[in-house]
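Computed over heavy atoms, backbone and side chain alike; hydrogens, waters and symmetry mates excluded.
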Amino acid sequence: MLKLNKVLFLFIAIFFISGLLLSPLYPAILHYKNTILFYILFQIILSLGTYYIFERLTKFKYSKLYIGISIFLVALFIRLMFANIFNYIPTNDFINYYNLGIDFLNGNKGNIKSVISGYNIPYFGGLSVLYGLIYLFFGASYSGSQIAFSVISSLTCLIIYLIVSEINIKAAIISSIIFIFYPASMITAQINNNQQPATLFYLISIYFIIKFIIKFKLKNIVLSSIFMVIGNFFHPSAISHVISTILFITILFILTKDKIKKNLLFKGLSCFILIFLILNNGIFIILKKTDILEDRNYEFSFLTKAVVGLNKEHEGKYFPEGYGQFAGLTKKEIYDKSFTILKNEFKHPSEFFSLIVRKTGYMWFSADNIIFLLSDGMSNKIIINNQNITDFLYYIDLIYVYFMYFILALGSLWNIFIKKDEYLILENDVYFITNFMLIMWMFVHFISEVQSRYKYFGMPIISVLSGIYILGIIKHINRKFS
């Protein structure tokens, strides 16, 4: 396990160091250097102050509970503050998602089926139910939607804390603070995009996988599979996480010599796969029986994502014609057309690798385009009409992301070359599952369509690892100089 973990660390270090060194955006960032320097100073003071307050809570009897509640409330206060400033009104895809939830509450199944048919994504039947439940609880108004998704983003900060607390409580505080102040999340939490709740439920699933590996209780793997399915109906991207989970548990099974643990790992893996398949397919049956989905086979294939993602002309980014060319085709025709296009796309392997480099730069090393989507629906005209403000938001997000990447790369290198350090535990399975899922997310988007906001799942994972690394490096330095 240790050697395999070091291979993952090496890949992550090379990936992010290369991106940081090759980024073309530093001159643009320097244009706002005085304002940005003030922001950095303010962010450092704010983060240290927040850490000091949370760290004081570790002295209380129910410290884990108090800290978790505090993390959630601080994150929620900040996100609601920005929701009040920007006052986002859903546009583009997000107005369709909002309407899916409202139509479910109002029983307008015809409208739901029309939207699903337009996107040709059957998972949106489940999305209409999930959004409907959210709006039932928080209210069907735009302000109710803003509050609901601010709560979801704040719960993400909480689950990050719970994941890392399985290693170290102080590292967990640092990891959660990193995500609390992550600009793209902090500023745009109010947007009702389906990636936010999907990420939350995928992270909860990871949390229960870790609990299973620690305690070997099958109820944890059952809960993990259930939350994975829920995440998949919010945003059908679970394939990456399901494969990661299966490979992770399989590797543990192979490397474990204890027969009792081997048996539990086998049962856990079997339970995870069976429950995921039964629930995922069972929900589709229920959606059809309740007339939310049309009782037909949807000609839906992830191959179309690869066709768009490997299109050299558009550099793997979304373009309507990429998906439009498959409209009205049967599943077999989609397969045949996809393989024909992909076979003729690259004349030489270097073209493929060149495309991967460009896609990586766009997805991971440019600012999150969710900030621009926020401006589309922003009702605060003073901010919309001030280009300096939107540019500033763009670049502080980029700086913050680069800081997270730097810590991630530094910590990964540290774990490769350090011989032994009690604060950076190489053997810990939290490292392995999070590294594994992060790398799998990268690989999926080497092939699939990319947008700069598609790093949405990667950033919480990077927050998890960064908090551990920051604490480990600080402890190591303290020991050296004490």
Side-chain angles (χ1 to χ4, degrees), residues 40-83 147-183 185-187 189 196 199-201 203-204 206-211 214-215 220 223 227 400 403-404 407-408 411 421-425 428-431 434 459-479 482:
I40 292 171
L41 180 62
F42 175 75
Q43 184 64 74
I44 290 170
I45 294 170
L46 189 61
S47 299
L48 290 174
T50 306
Y51 175 81
Y52 177 81
I53 294 169
F54 289 163
E55 199 273 337
R56 296 297 94 187
L57 295 175
T58 59
K59 305 184 186 305
F60 290 91
K61 184 178 180 181
Y62 300 105
S63 60
K64 190 171 182 179
L65 175 63
Y66 294 151
I67 294 169
I69 293 171
S70 300
I71 285 167
F72 172 76
L73 291 176
V74 169
L76 183 60
F77 172 78
I78 293 170
R79 281 151 179 75
L80 289 177
M81 180 183 70
F82 280 106
I147 293 169
F149 284 84
S150 296
V151 167
I152 288 167
S153 178
S154 303
L155 288 172
T156 302
C157 300
L158 175 59
I159 197 64
I160 288 170
Y161 164 76
L162 293 175
I163 289 170
V164 185
S165 67
E166 297 297 327
I167 293 183
N168 183 288
I169 200 77
K170 290 185 178 179
I173 293 172
I174 296 171
S175 292
S176 62
I177 288 173
I178 289 171
F179 200 75
I180 284 173
F181 295 116
Y182 170 40
S185 171
M186 182 174 64
I187 296 167
Q196 281 198 83
T199 299
L200 172 63
F201 282 98
L203 289 172
I204 295 172
I206 293 171
Y207 172 70
F208 282 110
I209 291 167
I210 292 167
K211 296 286 281 187
I214 293 171
K215 297 184 177 180
N220 288 317
L223 289 169
F227 283 112
Y400 200 91
F403 163 75
M404 293 169 74
I407 295 298
L408 179 67
D421 190 323
E422 62 181 299
Y423 295 104
L424 295 177
I425 310 169
N428 198 294
D429 292 329
V430 176
Y431 276 123
T434 49
M459 300 316 292
I461 296 294
I462 292 171
S463 299
V464 164
L465 292 167
S466 296
I468 298 168
Y469 296 157
I470 288 172
L471 181 69
I473 291 167
I474 290 171
K475 294 283 188 180
H476 183 80
I477 292 170
N478 284 342
R479 288 200 307 275
S482 61

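Closest of all the heavy-atom pairs between Leu203 and Pro460 is CD1-CB, 3.6 Å. Closest of all the heavy-atom pairs between Ile173 and Tyr51 is CG2-CD1, 3.5 Å. Considering all non-hydrogen atoms of both residues, Tyr207 and Leu162 come closest at CE1-O, 3.6 Å. The minimum heavy-atom distance linking Val74 with Phe54 is given by the pair CG2-CZ, 3.8 Å. When all heavy atoms of Ser463 and Ile178 are compared, the closest pair comes out as OG-CG2, 3.7 Å.
To the nearest 0.5 Å, atoms CG (Leu73) and CG (Leu80) are separated by 10.5 Å. In this structure, the separation between OG on Ser466 and CE on Met459 is 8.0 Å, given to the nearest 0.5 Å. Put simply, NZ on Lys59 and CG on Leu57 are 10.5 Å apart, with the number rounded to the nearest 0.5 Å. Here Ile174 contributes atom CD1 and Ile474 contributes atom CD1; the two are 5.5 Å apart, rounded to the nearest 0.5 Å. The CD1 atom of Ile177 lies 11.0 Å from the OH atom of Tyr161; values are rounded to the nearest 0.5 Å. Expressed to the nearest 0.5 Å, how far CD1 of Ile152 lies from SG of Cys157 amounts to 12.5 Å.
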Tell me, with the steps shown, if Ile160 and Ile163 meet side chain to side chain contact (heavy atoms under 4.5 Å, CB included). CA-CA 5 Å; Ile160 288 170; Ile163 289 170; 5.7 Å; no

What's the verdict on side chain to side chain contact (heavy atoms under 4.5 Å, CB included) for Ile206 and Ile210, showing C-alpha distance, side-chain angles and the deciding distance? CA-CA 6 Å; Ile206 293 171; Ile210 292 167; 3.9 Å; yes

Ser165 and Lys64: CA distance, side-chain angles, deciding distance, side chain to side chain contact (heavy atoms under 4.5 Å, CB included) verdict: CA-CA 8 Å; Ser165 67; Lys64 190 171 182 179; 3.3 Å; yes

Candidate pair Ser63 and Ile169, rule side chain to side chain contact (heavy atoms under 4.5 Å, CB included), full reasoning: CA-CA 10 Å; Ser63 60; Ile169 200 77; 5.6 Å; no

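Judged as a ring-ring contact (aromatic ring centres under 6.0 Å, His included), and not counting sequence neighbours, the contacts of Phe149 are Tyr131. Here Phe181 pairs with nothing under the ring-ring contact (aromatic ring centres under 6.0 Å, His included) rule; sequence neighbours left out.
The shortest side-chain heavy-atom distance between Ile71 and Ile67 falls under the 4.5 Å cut-off. Tyr400 has its side chain within reach of Met404: a pair of non-hydrogen atoms, C-beta onward, lies under 4.5 Å apart. Residues Ile159 and Leu155 have side chains not in contact (no heavy-atom distance under 4.5 Å, counting atoms from C-beta outward).
Counting only residues at least two apart or in different chains, side chain to side chain donor-acceptor pair (under 3.5 Å) contacts with residues 170-180 are absent.
The backbone N or O of Glu55 lies less than 3.5 Å from a partner atom in the side chain of Thr58, making a donor-acceptor pair. Judged by distance alone, with hydrogens and angles left aside, the side-chain atoms of Arg79 form no donor-acceptor pair with the main-chain N or O of Ile147 at under 3.5 Å. Remark: side-chain polar atoms of Gln196 are paired, donor with acceptor, to backbone N or O of Ala189 under 3.5 angstrom.
Ring geometry, Phe201 versus Phe227: the interplanar angle falls under 30°, so the pair is classed parallel (tilted spans 30 to 60°).
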